[in-house]
2 protein chains.
Amino acid sequence: MATLLYTILTSTADGAIEVMGHVLPTAFGLLGEATLSERSSRSEVVYRLLRQAILEQALKPGTKLSEDTIADHFKVSRTSVRGALVRLNAEGIVDLRANKGACVAEPTLEEARDIFSLRRMLEAEVIRRLVADLGTSGFKRLEQHVREEQAALSDHGPLSIRLAGEFHILLAELTGSQALTRFVREVVSRCSLILARFARLHSPECAVDEHIQIIRALRSKDIAAAEKIMLEHLDAVELRAELNPDKAEPDISEILKRYASES
Amino acid sequence: MATLLYTILTSTADGAIEVMGHVLPTAFGLLGEATLSERSSRSEVVYRLLRQAILEQALKPGTKLSEDTIADHFKVSRTSVRGALVRLNAEGIVDLRANKGACVAEPTLEEARDIFSLRRMLEAEVIRRLVADLGTSGFKRLEQHVREEQAALSDHGPLSIRLAGEFHILLAELTGSQALTRFVREVVSRCSLILARFARLHSPECAVDEHIQIIRALRSKDIAAAEKIMLEHLDAVELRAELNPDKAEPDISEILKRYASES
DNA sequence: TATCCGACTATCGTATGCAATTGATGGCGC
DNA sequence: GCGCCATCAATTGCATACGATAGTCGGATA
């Protein structure tokens with residue numbers, strides 16, 4: 001396994017997707033249910049790397065994900081790539097159009113609002129549960145994560161983008177609810193896509209402060225306050241997404257829809 | 001299992017898509033994003049049939065899903081089967097153990113309670129949204145669905161089991177929120193597994209009545225009342241699941257856990 | 001010159017073959 | 001007789017090959 005990862009890391013060093021090689025190591029804890037100890041199949045590795053690349057916005061919404069290209073870069077067969085793409089499609093971060101190849105999903109404005117709405121609901125629930133029973137070790141993990149976020153701030157790179165999202169996934173994990181974690185993972189992923197698509201630029205500095213506030217609120221054991229902070233944080237994130245309808249038309253079909261009725 | 005594969009086998013004998021005509025006509029709007037007009041790939045067909053078989057409890061939790069066996073019965077290659085299994089795994093209704101094959105997921109008691117808890121939250125949200133804006137056509141679809149449920153009651157078969165679950169998915173669809181629909185689909189699917197695993201027998205008669213009550217509550221536009229009815233309905237479903245810890249130990253590991261600490 | 005049609009290319013969908021891993025069975029030593 | 005190890009069968013993981021489909025480019029015709 002280690003050898004496989006090594007070959008992939010080195011092989012990407014001279015490929016086009018080399019970005020992903022750099023940031024991989026720190027990512028491994030959170031990226032999936034699978035821990036380091038389990039052997040990873042090739043398909044699994046491709047899945048993780050692609051997912052990571054998308055969440056770090058190295059692969060932007062709309063980017064074509066040709067099976068051949070990816071297979072060549074990772075030095076694996078298309079079979080393994082297909083498996084990864086199917087999974088990513090099931091998570092909603094990759095669109096899979098029959099006979100026309102896959103591409104990074106492009107959430108529309110409507111979907112974006114939808115996702116944020118659900119995210120508020122889910123994460124409010126996370127907070128409620130954590131206020132009820134978050135132990136010392138949980139706080140330790142949160143604080144450790146925030147420290148990593150702060151450390152990553154300096155490079156202003158993809159790492160901080162990803163860590164910002166993973167803070168929320170970590171919160172969900174700490175509830176101990178697998179299903180809730182799954183759903184939060186999904187909305188957070190989709191939010192990454194939304195930000196990549198609509199936000200002018202990601203400004204993670206604020207986010208870290210807000211994350212610290214969330215931890216503090218959790219410590220206070222005040223449900224209402226904690227929930228309020230979380231919702232405000234999510235509002236801030238949505239604000240950063242600049243989901244105003246008059247900019248960045250999501251889709252040609254969206255535009256043409258208005259003309260179709262007049263013809 | 002054998003019976004199911006047999007029915008599938010015989011019905012696929014004269015063409016894969018026609019088969020689904022028999023069992024899926026009412027479901028087609030629900031079962032996936034794909035509409036009838038799009039051509040379905042083999043992998044897609046296998047996916048739908050397997051999913052349906054699992055949700056109708058023809059394939060029970062724990063059943064081994066050998067690639068070869070399925071491929072032979074469906075007269076397709078293992079490749080198509082694998083694609084379907086990966087998708088089902090992503091939805092959480094199939095477990096995929098590396099090098100050891102797939103099997104229908106076996107939710108533990110703990111997971112079961114977790115799922116029900118989330119389901120309550122999600123479906124309460126569905127109700128809140130529907131009370132706000134459910135149009136005439138929406139009610140028509142709901143009533144049509146309930147009629148189908150009633151018609152299916154007579155055979156006491158798998159169809160009524162599936163339709164009962166799909167009522168909830170239909171509710172979610174009517175909110176217009178893709179993400180919410182996704183999540184509801186997932187919890188409903190998992191609940192099917194849970195019922196298959198723990199419930200003594202499925203008694204769908206009650207469910208239909210309860211579904212009618214839900215529609216009535218939605219008509220009344222009384223959020224609190226509608227939400228209450230839905231939650232009561234879900235409580236009833238959970239009750240039917242008989243999630244009492246002292247019966248039907250989910251897992252050998254669960255049992256041995258208690259012994260491990262004493263060794 | 002503009003439009004339509006047909007061949008071409010690139011890419012995907014599927015099948016098949018081989019390598020790798022797991023679990024089992026039988027033989028061997030104790 | 002009992003336990004351990006090696007070999008074997010079964011099944012999955014992966015790669016490659018082939019057929020099918022969609023988009024593109026060039027030529028023929030009006």
Side-chain angles (χ1 to χ4, degrees), chain A residues 1-8 11 16-17 32 34 37-50 59 62-90 94-105 252-253, chain B residues 1 5 12 15-17 19 32-35 37-50 59 62-90 94-105 252-253:
Chain A
M1 174 54 223
T3 55
L4 171 67
L5 267 182
Y6 179 73
T7 52
I8 284 182
S11 68
I17 321 195
S37 57
E38 336 179 356
R39 289 194 32 258
S40 307
S41 66
R42 286 169 149 84
S43 183
E44 172 84 16
V45 173
V46 174
Y47 162 77
R48 287 197 213 160
L49 291 176
L50 280 181
L59 295 173
T63 304
K64 181 93 188 297
L65 298 174
S66 158
E67 295 180 3
D68 273 324
T69 310
I70 298 171
D72 289 346
H73 277 293
F74 284 134
K75 303 271 167 48
V76 298
S77 76
R78 278 177 47 221
T79 308
S80 311
V81 176
R82 281 185 71 79
L85 290 177
V86 169
R87 275 180 75 180
L88 292 168
N89 175 63
V94 158
D95 273 355
L96 222 51
R97 299 153 308 174
N99 288 312
K100 293 201 294 181
C103 65
V104 180
I252 300 183
S253 69
Chain B
M1 165 67 189
L5 286 178
T12 46
I17 312 285
V19 192
E33 290 73 10
T35 62
S37 56
E38 336 182 354
R39 262 182 35 89
S40 308
S41 69
R42 282 157 192 227
S43 183
E44 173 84 15
V45 172
V46 174
Y47 162 76
R48 288 196 210 160
L49 290 176
L50 280 181
L59 293 173
T63 304
K64 180 92 190 296
L65 298 173
S66 157
E67 295 181 2
D68 270 325
T69 310
I70 299 171
D72 289 346
H73 279 292
F74 282 124
K75 304 271 170 53
V76 298
S77 75
R78 277 176 48 221
T79 309
S80 310
V81 176
R82 280 183 72 81
L85 290 177
V86 169
R87 272 181 77 179
L88 291 168
N89 176 62
V94 158
D95 272 355
L96 222 51
R97 300 154 307 175
N99 289 314
K100 294 202 297 179
C103 65
V104 180
I252 300 182
S253 67

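Per chain, numbering begins at 1; letters A, B, ... match sequence-line order. These values consider heavy atoms only, across backbone and side chains, with no hydrogens, waters or symmetry-generated copies.
In plain terms, the two heavy atoms of A:R78 and A:A71 that are nearest each other are N-CB, 3.9 Å.
With rounding to whole Å, A:L85 atom CG is found 13 Å from C:dT11 atom C1'. Straight-line distance from the CD1 atom of B:I70 to the C1' atom of D:dT12: 13 Å, rounded to whole Å. In this structure, the CZ atom of A:F74 is 13 Å from the P atom of D:dA15, given to the nearest Å. Following rounding to the nearest Å, A:K100 (NZ) and C:dC12 (C1') show an atom-to-atom distance of 12 Å. Atom C1' of nucleotide D:dT12 and atom CG of B:L65 are separated by 14 Å, given to the nearest angstrom. Regarding A:E67, its CD atom lies at a distance of 17 Å from the P atom of D:dA17, rounded to whole Å. D:dT11 atom C1' lies 13 Å from atom CG of B:D72, rounded to whole Å. In this structure, CD of B:E44 is placed 18 Å from P of C:dC12, rounded to the nearest angstrom.
Within the 4.5 Å cutoff, no side-chain heavy atoms of A:R87 are placed close to those of A:S43. You'll find the side chain of A:T79 stays beyond 4.5 Å of the side chain of B:T79, heavy atoms only. Side-chain contact between B:S77 and B:R42 is absent, with no heavy-atom pair separated by less than 4.5 Å.
Among C:dC12, C:dA15, D:dC14, the nucleotide with an atom closest to any side-chain atom of B:R42 is C:dA15. Distance from the side chain of A:K64 is smallest for C:dT11 among the nucleotides C:dG13, C:dT11, D:dT12. With D:dT21, D:dT11, D:dC14 as the choices, the nucleotide that has an atom nearest any side-chain atom of A:N99 turns out to be D:dT21. Out of D:dG23, C:dA15, C:dC12, the shortest distance to the side chain of A:R78 is found at C:dC12. When the nucleotides D:dT12, C:dG13, D:dA15 are ranked by their closest atom to the side chain of B:D68, D:dT12 comes out on top. Closest to the side chain of B:R82, out of C:dT16, D:dG13, C:dC12, is D:dG13.
Of the residues A:V94, A:L96, A:V81, the one that meets the side-chain contact (heavy atoms from CB on, under 4.5 Å) test with A:L65 is A:V94.
Between the side chain of B:T79 and the base of C:dT16, at least one donor-acceptor pair of N or O atoms lies under 3.5 Å.
For B:S80 and C:dG13, the shortest distance from a side-chain N or O to OP1 or OP2 is not below 4.0 Å.
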